[in-house]
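Here is the structure we will look at, set down as structure tokens.
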Amino acid sequence: MNIPAPDVAQNISTSEHGTAPDRVGRQAREAASRQRPLRAVFMGTPEFAATILRRLLRTEHIELVAVYTQPDRPSGRGHKLCFSPVKALAGEHALPVLQPEHFKRDPQGDAAVAELAAFAPDLLLVAAYGLILPQRVLDIPARMPLNVHASLLPRYRGAAPIQRAIMAGETVTGVTIMRMQAALDSGPILMQRAVGIGIGDTARTLHDELAREGAELLVSALERLRAGALGEIRQDDSLASHAPKLRKEEAYLDLSLPAASLHALVRGLSPWPGAALFLHRPGAETLLVKLEPGSARLTEKQLALAAGFAAAHAYSDNAGLEAGSACAVRPGLVLGCADDALVVACGQGEAYAFYGLKPAGGKLMGGQAFYNGYLRDTHAFWSSSED
RNA sequence: CGCGGGGUGGAGCAGUUUGGUAGCUCGUCGGGCUCAUAACCCGAAGGCCAGAGGUUCAAAUCCUCUCCCCGCAA
């Protein structure tokens, strides 16, 4: 969902009209760099970083001399030792892989720093590495350390920019290439590109798209760097916002919110940690259920349908009240089921349609299937707490 | 040997504690009814209860092992 947006970098050009001696000197440097590829060290860990590394592997004039990624850690069911997507990719291409624990000031960190310096890189290309890089590491590359960040900086600095943007109901976000500084995501912006957020986008789909866009934008930035045409603009710290890592507690939905807010949360929390609710049933155990959003096309349809449901319910439940009074349906009540979605009352007299429900220990299922199995005759209601 | 949940007709579940003719909500098929609803009413088909072994007069249910799915944790 790429939308036309101003390419900030075009407004950040260096002075294109330097004096004659400058121009001669620059041309000489450019000629030299055209013959010699830039030596780059890549640092990244998850799939987002792997997508960018994949793109760099087929980029001319960039010589990847080493790949840094987080150490292998026991994870997954059974706690088997797993390695990162970046390591897997680097391995396929026979690149040297280094996995230092950290770069702190101790014997171990000092060794890691020395090892990195030995690669004599021109560039450090960093994307979701998972380690804070101290200044002495950022000082190593001859040209500069570059970072790919999945937001329109200075907004959404931090670990979870993609999810936070969706959860906040944003309709536009983007990717930024910046020159790294020691403070978190605060370096000067080199290039930036906006990407629209669709009503059906989840953290996963947007993640994939931003990774692809980020990779392309990084390649553009590298081309400009080689051409000596890469300008930069300082971040306006007064516009900065933070996107901290998601906490598990944030997964529980507050059903007193209106449907649009709930939908933004469900999408931003998908696939991890997954929006969660408790289902209370008379005479049965309380059930923890995770929610997944439906497709974009269905979503628009369902939001309309849910609104209709709420209106109908308000009418029948409030028959004794005067017309036009606020809907008295308690948020969390199950209103019904339609088109494979489970319709539940939420805030402001609205209703929200659940498409994908995954009971604890069970598999993901549609609204109708869930209704058939778990709701039957009971007067059940949903809430964010276990009791 | 990290912890836990689950595998029951096409779908989703109950039943397992306290062994004793396999049930519910749907779907499917046939018939009926309705201006209409997540429609409704009547009838039918469809299951060696994941697999193997054991205990028992009798096992979906108790014991042992195997396979597959899912969550936590990272």
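The basis for the numbers below is simple: all heavy atoms, side chains too, and nothing from hydrogens, waters or symmetry mates. Convention: sequence-line order gives letters A, B, ...; per-chain numbering from 1.
In this structure, A:R54 pairs ionically with A:E47, as a charged nitrogen and a carboxylate oxygen lie closer than 4.0 Å. Between A:K87 and A:D72, at least one side-chain N (NZ, or NE/NH1/NH2) sits under 4.0 Å from a carboxylate O, which counts as a salt bridge. Under a 4.0 Å N-O distance rule, the pair A:K358/A:E292 does not qualify as a salt bridge. Salt-bridge annotation for A:R155 and A:D185: absent, with no side-chain N of the basic residue lying under 4.0 Å from a carboxylate O of the acidic one.
Rounded to whole Å, the distance from CG on A:L342 to C1' on B:rG12 is 13 Å. In this structure, A:M365 places its CE atom 17 Å from P of B:rC69, rounding to the nearest Å. As a whole-Å value, the separation of A:L287 CG from B:rC70 C1' is 13 Å. Summarising the geometry, the separation between CZ on A:R281 and P on B:rC24 is reported as 18 Å, rounded to the nearest angstrom. The distance from atom CG of A:L277 to atom C1' of B:rG71 is 17 Å, rounded to the nearest whole Å. Look at CG on A:D340: it is 12 Å from P on B:rG12, rounded to the nearest Å. The nearest whole Å value for the distance from the NZ atom in A:K358 to the P atom in B:rC70 is 9 Å. The separation between A:Y371 atom OH and B:rC24 atom C1' is 13 Å, rounded to whole Å.
Counting heavy atoms from C-beta outward, A:L89 and A:L57 have side chains that approach closer than 4.5 Å.
B:rC40 and B:rC26: their P atoms are spaced 7 Å apart (whole Å). B:rG23 sits 14 Å from B:rA60 when the P atoms are compared, rounded to a whole Å. Comparing the P positions of B:rU61 and B:rG51 gives a spacing of 11 Å, expressed to the nearest Å. B:rA39 and B:rU66 have their C1' atoms separated by 48 Å, given to the nearest Å. Distance check on atom C1': B:rU8 versus B:rA22 gives 9 Å, rounded to whole Å. Going from the P atom of B:rC3 to that of B:rA74 covers 15 Å, rounded to whole Å. Rounded to the nearest Å, the gap between the C1' atom of B:rG7 and that of B:rG12 is 13 Å. Nucleotides B:rA58 and B:rA45 place their C1' atoms 30 Å apart, quoted to the nearest Å.
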Could you write out RNA chain B as dot-bracket? Rules: Watson-Crick or G-U wobble, both distances under 3.5 Å, brackets [ ] for crossings, | for pairs with another strand, dot for unpaired. .(((((((.[[[[.)....(..]]]].(((((.......))))).....[[[[[..)....]]]]]))))))..

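In this structure, A:H207 has its ring center closer than 6.0 angstrom to the ring center of A:F48. Between A:W382 and A:F370, the ring centre distance stays below 6.0 Å.
Contact check, A:K290 against B:rC72: a side-chain N or O comes under 4.0 Å of OP1 or OP2. Contact between the side-chain N/O atoms of A:Y374 and the OP1/OP2 oxygens of B:rG12 is not found at any separation under 4.0 Å. Listed pair A:K363 / B:rG7 fails the phosphate criterion, with no side-chain N or O lying under 4.0 Å from OP1 or OP2.
Proximity note for A:H79 (side chain, C-beta onward) versus B:rG2, B:rU25, B:rC70: the nearest is B:rG2. The side chain of A:A369 approaches B:rA11 more closely than any other nucleotide in the set B:rG71, B:rC13, B:rA11. In this structure, of B:rC13, B:rA38, B:rU25, it is B:rU25 that holds the atom nearest to the side chain of A:N372.
Distance check: A:I62 CD1 to A:R39 CZ gives 12.0 Å after rounding to the nearest 0.5 Å.
Toward the 5′ end of RNA chain B lies the nearest nucleotide of A:Q368, the other residue of the pair A:S75 and A:Q368 mapping further downstream.
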